[in-house]
Structure formats: structure tokens, C-alpha cells
Amino acid sequence: MAGKVWFVGAGPGDPELLTVKGRRLLEEAGAILFAGSLVDQAATLFAPPGCEIRDSKDMTLEEMSAWLLDQTARHATVVRLQTGDPGLYGALVEMTRPLTAAGIEWAVVPGVSSAFASAAAAGETLTLPEVTQTVILTRVAGRTPMPAGEELEALAAHRTTLCIFLSITLLHEVQRALRAAGWAEDAPIVVVQKASWPGEEKIVRGTLADIKKRCQAEKIASQAMIIASPTLGAADWPTLARSKLYDPAFGHRFRKASAPSEETSA
Ligand code: SAH
């Protein structure tokens, strides 16, 4: 018997943000390899008795692939549990390629990314009509260099929402890039640490000018999402352009237009 390897997105940390499918696979798993301190809870909560559970934090990619491969000889369901969504900064193809080469079946179960959990925690929207309709998920260069054209400064020039992963220790670099792209000193920025973690989540609101100081004051140096966006704080703005989807003047497939369009004011 050769088992199948499932790359399961564990979500941002709260075990209740695991998908129903992800949870079912954990409950059926013969072996689970989990990544990072943020997802061990889901693994241990839902794994069946006798399941082999291994933390991958001290393993190389080669060791992880070898471990997963080895487990498929004994178990029908082998789970690689990853934070957020496996397709974002998850070294997914590096692990699937050796499986394919060995003739082992694999599949991916998406997860709630920390970008979305962070926006949710802060009660913010990532898109807003006539403000920005685009979200860029990115990072700044650490040991992994950024491909040409993807420097934060260049991406920030679009003035869209930026969800910046893996960069909390490089906040000074984020500040430099946004300034170079012309963002104002009072541009709002929100940093969310351990989004969705009951009792551990921290939300820091600031501006381009002071966000680093505020994060230092809160001792935030890891596991944090930086969101810079012209939409931040919109919940408190005096006026908003209406979303066309819900605008009475804008008919669509499921609803006929009725009244003329207008601006909403709060
Ligand atoms: N695949 C993951 C990202 C892994 S990279 C996802 O989709 O979320 C790790 C980075 O994700 C961290 O440096 C941090 O920027 C972010 N991150 C992961 N979990 C987080 C959480 N609960 N709260 C805030 N940021 C988180």
C-alpha cells in the first residue's frame, strides 16, 4: 500500500479556523508532519490515538520529504500541516516534487492565510470601492532575495493594499520602501501578531512614521503580519463610495436596479 500525502493549510493558529476537510484528514491521519509553533495545537487536538506526530522545525527539506515518503509505506493518509495556506511561503513544490518522482500521490487542502486572519482581527477590509481593488501579498528580502521588479518600493508605487509577510524584523526596510514610493508619513499601517490566537493576538495600529516604535513598545518581533493600505480605518471614515454590488442603482444577475445611486455617509 502506498498512502497519499495531503498538504493541509492549518489556518493562522486558531484550531477552529482549520477547514472541515483539513480536520477530517487530521482525524484520519496515520502520520502528521507539522510546521512551526503556530499549528501544533491543531495537530494534537485532532490527531487520532497512535498517530505519529513530528515537528519539522529541526528538519531540512530533504529530511521532510524522506519522512513523508517513508510514512506513505505504512499509512493511507499522511498529512503535512502548514500555517495559513500551503501555497504562500510554504516550500510546497520543493516537497511535492520528490513525492511525484517517487510515484506517490499528493494533494493540497487550502487554508485561511494569516493575511486574511490579520485583516479580520483588525476589523479591516483589504479592498474598498474607489480606494483600492487590489491586494499584493509580498515580503521584503531577507535571506530569500526578491526577484527583479518585486522590490517593495516598486510594488508600493501602485498604492494598493500590501500584506507583508516575514518582514517584522525588517520594519525599517518596509518604512524605507514606502517612503521611497511616496507614501505619506501619516499613512496608516496595522501590524497583527499571532492573528486568531486566543489570548495571544496583538494588534498594533500606527502610521508610517511611528509603526516601528509602536511595535517595539509591544515587543513584537516575530509571527506578525504588516498591512499597509489606503483602506485602513475606513470603518470610521465620514463618507464612503458605495460598493456597486449592493447599490440600489446597480442591477446584476440576482437583483434588478431600483433607486438612483448615491454616496453613503456614516
Ligand atoms: N502560509 C502562511 C505564511 C507562512 S510565512 C500563511 O498563509 O499565512 C510565515 C509568516 O506568515 C510570518 O512571518 C508572518 O508574517 C505570517 N503569519 C503566520 N501566521 C500568522 C499569524 N497567526 N498572525 C500574523 N502573521 C502570521
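Position 1 is the first residue of the sequence; numbering continues from there. Whatever order the structure lists ligands and atoms in, that order sets their numbers, starting from 1. These numbers come from the heavy atoms of this one structure, side chains and all, not from hydrogens, waters or symmetry mates.
Among the atoms of Ser118, none of the N or O lies under 3.5 angstrom from an N or O of ligand 1. Of the polar atoms of Thr83, at least one N or O is found under 3.5 Å from an N or O of ligand 1, judged by distance alone. Considering backbone and side-chain N/O atoms, Gly84 never comes within less than 3.5 Å of an N/O atom of ligand 1.
Distance check: Gln82 CD to Leu88 CG gives 10.5 Å after rounding to the nearest 0.5 Å. In this structure, Gln175 CD and Thr207 OG1 are separated by 8.5 Å, a value rounded to the nearest 0.5 Å.
Counting heavy atoms under 4.0 Å from ligand 1, residue Met225 touches it through both backbone and side chain. Of all the heavy atoms of Gln82, none lies under 4.0 Å from any atom of ligand 1, so neither backbone nor side chain is involved. When heavy-atom distances to ligand 1 are checked against a 4.0 Å cut-off, Ala224 comes that close only through its backbone atoms N, CA, C and O.
Residues Val140 and Leu171 share a single hydrophobic cluster, defined by chaining ILVMFWY side chains whose heavy atoms lie under 4.5 Å apart.
The closest non-hydrogen atom to atom 9 (C) of ligand 1, taken over Asp85, Leu166, Leu88, comes from Leu166.
The 12-atom threshold is not exceeded at CZ of Arg97, counting heavy atoms of other residues, nucleotides or ligands nearer than 6.0 Å.
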Stepwise, does the side chain to side chain donor-acceptor pair (under 3.5 Å) test hold for Thr161 with Ser229? CA-CA 4 Å; Thr161 295; Ser229 172; 2.7 Å; yes
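Every atom of ligand 1 is numbered from 1 in the order shown, and the set under 4.0 Å from a heavy atom of Tyr89 is 5 (S). Within ligand 1, counting atoms from 1 as listed, the ones closer than 4.0 Å to a heavy atom of Gln223 are 23 (N), 24 (C), 25 (N). Proximity to Ala195 (heavy-atom distance under 4.0 Å) selects the following atoms of ligand 1: 21 (C), 22 (N), 23 (N), 24 (C). Atoms of ligand 1 lying under 4.0 Å from at least one heavy atom of Pro12, given by number and element, are 21 (C), 22 (N). Atoms of ligand 1 found under 4.0 Å from any heavy atom of Val192, numbered from 1 in the order shown, are 24 (C). Ligand-side atoms of ligand 1 in range of Ser113: 6 (C), 7 (O), 8 (O), range being under 4.0 angstrom from any heavy atom. In the vicinity of Ser114, heavy-atom distances shorter than 4.0 Å reach the ligand 1 atoms 6 (C), 7 (O), 8 (O), 11 (O), 16 (C), 17 (N), 18 (C), 19 (N), 20 (C), 21 (C), 25 (N), 26 (C). Close contacts of ligand 1 with Phe165, meaning ligand atoms under 4.0 Å from a residue heavy atom, involve 3 (C), 6 (C), 8 (O), 11 (O), 15 (O).
Between Phe7 and Trp106, the two ring planes are perpendicular [angle over 60°; tilted spans 30° to 60°].
Listed by first and then second residue, the salt bridge (charged side-chain N to carboxylate O under 4.0 Å, His left out) pairs involving residues 99-114 are Lys4-Glu105 (not counting sequence neighbours).
Glu124 has its side chain out of reach of Ile227: every pair of non-hydrogen atoms, C-beta onward, lies at least 4.5 Å apart. Using a 4.5 Å heavy-atom threshold, the side chains of Arg139 and Met146 count as touching.
By the side chain to side chain contact (heavy atoms under 4.5 Å, CB included) test, Ile220 pairs with Ile168, Val191, Gln193, Lys202, Val204, Cys215, Glu218, Ala224, sequence neighbours left out.
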